[in-house]
Amino acid sequence: MPNIVVVGTQWGDEGKGKVVDVITPHVNVVVRYQGGNNAGHTVVVGREKYVLHSIPSGILHPHCRCVIGCGVVVDPASLIQEMEALVQRGVTLDGSLFISKNAHLIMPYHPALDRASEAKLGSRRIGTTGKGVGPAYVDKAARVGIRMADLLDERLFREKLEINLAQKNRILREIYDAQSFNIEEILNPYLRFAGWLAPYITDTALLLHRWIESGYSVLFEGAQATMLDIDHGTYPYITSSSTTAGGASTGTGVPPTKIHGVLGVAKAYSTRVGAGPFPTEMTGELAETIRARGNEYGATTGRPRRCGWFDAVVLRYAVRINGLDTVALTKLDVLDKCETVRVCTGYRYRGDLITEFPEEQLALAALEPVYEDIEGWMSPTTGAKNEADLPAKARRYLERLEELIGVSFCLVSTGPQRAETILCEDSPLLRWYPTVRSSIV
Ligand code: IMP
């Protein structure tokens with residue numbers, strides 16, 4: 001049974017949720033491997049709307065086991081809120097949800113440090129979600145982080161909390177002029193959280209190993225995206241985890257030799273939330289129009305997303321860094337009314353033409369996109385059941401994108417509903433999940 005990684009190829013919000021939702025009926029396990037509750041994922045089932053931040057949406061499928069891997073940072077208050085909302089709506093968590101003992105906790109001082117640091121950076125701020133994700137990963141790398149397993153040992157938890165608070169309180173007060181915390185205001189709620197979470201905390205690397213040995217199929221659900229990766233993204237305007245496919249291994253304990261393929265998700269245009277370089281960014285009325293048509297507002301913070309044209313250089317980079325076997329293209333319908341659709345094929349930097357994404361921060365800020373203009377199709381794509389049903393000019397757009405990125409599409413999404421999905425012939429997706437067609441009727 002194949003174990004496949006689904007990864008964002010741009011700056012996040014590519015519509016990974018819909019792609020994962022189409023695949024989930026055909027796998028046994030969905031695992032998150034990085035990030036935290038900075039991710040936001042809205043799932044509509046019938047008339048019910050669920051907003052998930054830390055729990056994989058596979059939880060809405062009764063057959064599916066969901067794992068929060070060791071690479072994730074978990075805010076227990078936010079996680080429990082999500083769990084309670086699910087339980088109230090009749091979703092069973094026992095036997096379905098498993099949380100890694102080694103996942104690090106987001107503590108109340110992490111969002112406080114996140115916000116204080118952003119305020120201090122002023123115009124150089126990252127534009128974080130303010131959830132404390134960055135500071136939690138700082139503690140993990142500094143080897144002072146508190147992990148899920150620590151929560152289950154009251155004495156150890158108190159000891160680690162005391163050590164951390166002594167340091168964090170000084171930083172908050174003396175560097176940021178912000179409020180400090182007293183130990184009891186954290187200890188008491190966190191011990192209550194421990195009682196709630198204890199039945200779900202386990203050695204998930206071992207569980208995953210056993211499940212894979214017994215023939216289960218695992219889907220690794222990436223959060224955020226390639227250009228926000230801590231090593232490969234547009235540093236420092238990134239999130240603090242390994243969002244790319246390699247993170248699936250370190251963030252779960254499943255070795256690379258047990259992973260069989262990588263599927264990238266890309267939007268038919270680009271968006272970015274927060275600050276940082278965005279070479280194909282649109283301005284003015286055009287940006288407003290695409291934002292409105294694509295409903296481009298952050299699921300976690302509600303912030304308007306910056307909008308831009310499809311950047312084939314970014315996609316080629318994502319193909320290379322993640323080893324993408326195929327790409328799912330989403331939101332094609334948002335471009336249905338554009339007279340001209342632009343695709344960035346390279347950049348000009350100091351007079352030179354660049355066709356590979358540069359890693360230097362200074363170069364990133366000064367890139368000028370080189371565009372190819374493609375005639376718009378000016379007719380609806382929604383409702384097309386296969387590629388042949390699409391307007392000829394929309395097909396030409398898709399073919400040109402495939403040529404430019406060097407990988408073919410496995411799926412084209414033309415609306416939020418499952419039925420608004422085209423499965424492309426002869427794709428790795430159909431090889432990995434031969435029954436996937438049954439998901440889109
Ligand atoms: P942080 O992850 O909250 O530290 O934010 C760092 C950067 O990643 C900011 O630009 C955020 O807007 C961005 N970011 C974090 N999570 C997401 C997401 O789920 N979608 C899109 N952007 C995100």
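Order of listing sets the numbers, starting from 1, for every ligand and every atom in it. Note that this is a predicted model, so its numbers are computed, not measured. Just so you know, these numbers use all the heavy atoms, side chains as well, and skip hydrogens, waters and symmetry mates.
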*Asks:* Can you tell me if His26 and Ser217 form a side-chain donor-acceptor pair at under 3.5 Å?
*Replies:* no

*Asks:* Please work out which of the three classes, parallel, tilted or perpendicular, describes the rings of Tyr397 and Phe310, given edges at 30° and 60°.
*Replies:* perpendicular

*Asks:* With heavy atoms under 4.0 Å as the rule, classify the contact between Arg272 and ligand 1 as side chain, backbone, both or neither.
*Replies:* neither

*Asks:* Among Asn37, Thr128, Asp114, Thr271, which residue places a heavy atom closest to atom 4 (O) of ligand 1?
*Replies:* Thr128

*Asks:* Hey, are Asp75 and Lys131 close enough for a salt bridge, meaning a charged N less than 4.0 Å from a carboxylate O?
*Replies:* no

*Asks:* Distance only, no hydrogens: is a donor on one side chain within 3.5 Å (strictly under) of an acceptor on the other, for Asn38 and Gln224?
*Replies:* yes

*Asks:* Any luck finding a side-chain donor-acceptor pair between Asp336 and Thr381 under 3.5 Å?
*Replies:* yes

*Asks:* What atoms of ligand 1 come within less than 4.0 Å of a heavy atom belonging to Arg303?
*Replies:* 11 (C), 12 (O)

*Asks:* Within a distance under 4.0 Å of any heavy atom of Ala39, pick out the atoms of ligand 1 and give their elements.
*Replies:* 19 (O)

*Asks:* For atom 7 (C) of ligand 1, what is the closest protein heavy atom, and at what distance to 0.1 Å?
*Replies:* Ile238 O, 3.7 Å

*Asks:* Using the six-membered ring wherever Trp is involved, compare the ring planes of Tyr216 and Trp211 and label them parallel, tilted or perpendicular (cut-offs 30° and 60°).
*Replies:* parallel

*Asks:* Under 4.0 Å between a side-chain nitrogen and a carboxylate oxygen: does that hold for Arg115 and Glu118?
*Replies:* no

*Asks:* Could you tell me whether the side chain of Phe409 reaches within less than 4.5 Å of the side chain of Leu401, counting heavy atoms only?
*Replies:* yes

*Asks:* Look at atom 10 (O) of ligand 1 and say which protein heavy atom is nearest, naming residue and atom and giving the distance to 0.1 Å.
*Replies:* Val273 O, 3.1 Å

*Asks:* At less than 4.0 angstrom from any non-hydrogen atom of Asp13, what atoms of ligand 1 do you find?
*Replies:* 20 (N), 21 (C)

*Asks:* Heavy-atom distances under 4.0 Å are what count here, so tell me which part of Leu228 touches ligand 1: side chain, backbone, both or neither.
*Replies:* side chain

*Asks:* Any idea which part of Tyr237 is under 4.0 Å from ligand 1, heavy-atom wise: side chain, backbone, both or neither?
*Replies:* neither

*Asks:* Under 4.0 Å from a heavy atom of Trp11: which atoms of ligand 1 are those, numbered in the order shown and with their elements?
*Replies:* 21 (C), 22 (N)

*Asks:* Side-chain donor-acceptor pair under 3.5 Å between Lys18 and Ser413, yes or no?
*Replies:* yes

*Asks:* To which protein heavy atom is atom 3 (O) of ligand 1 closest, and what is the distance rounded to 0.1 Å?
*Replies:* Thr129 OG1, 2.6 Å

*Asks:* Identify the protein heavy atom lying closest to atom 11 (C) of ligand 1, giving its residue, its atom name and the separation to 0.1 Å.
*Replies:* Gly127 O, 3.5 Å

*Asks:* Taking only heavy atoms of Ile126 into account, list the atoms of ligand 1 that are under 4.0 Å away from them.
*Replies:* 10 (O)

*Asks:* Heavy-atom distance under 4.5 Å between the side chains of Pro358 and Tyr349, does that happen here?
*Replies:* no

*Asks:* Considering only the protein, which heavy-atom contact is closest to atom 17 (C) of ligand 1, and what is its distance?
*Replies:* Gln224 CG, 3.5 Å

*Asks:* If you have a sec, work out which protein heavy atom is nearest atom 2 (O) of ligand 1 and how many Å separate them, to one decimal?
*Replies:* Thr239 OG1, 2.6 Å

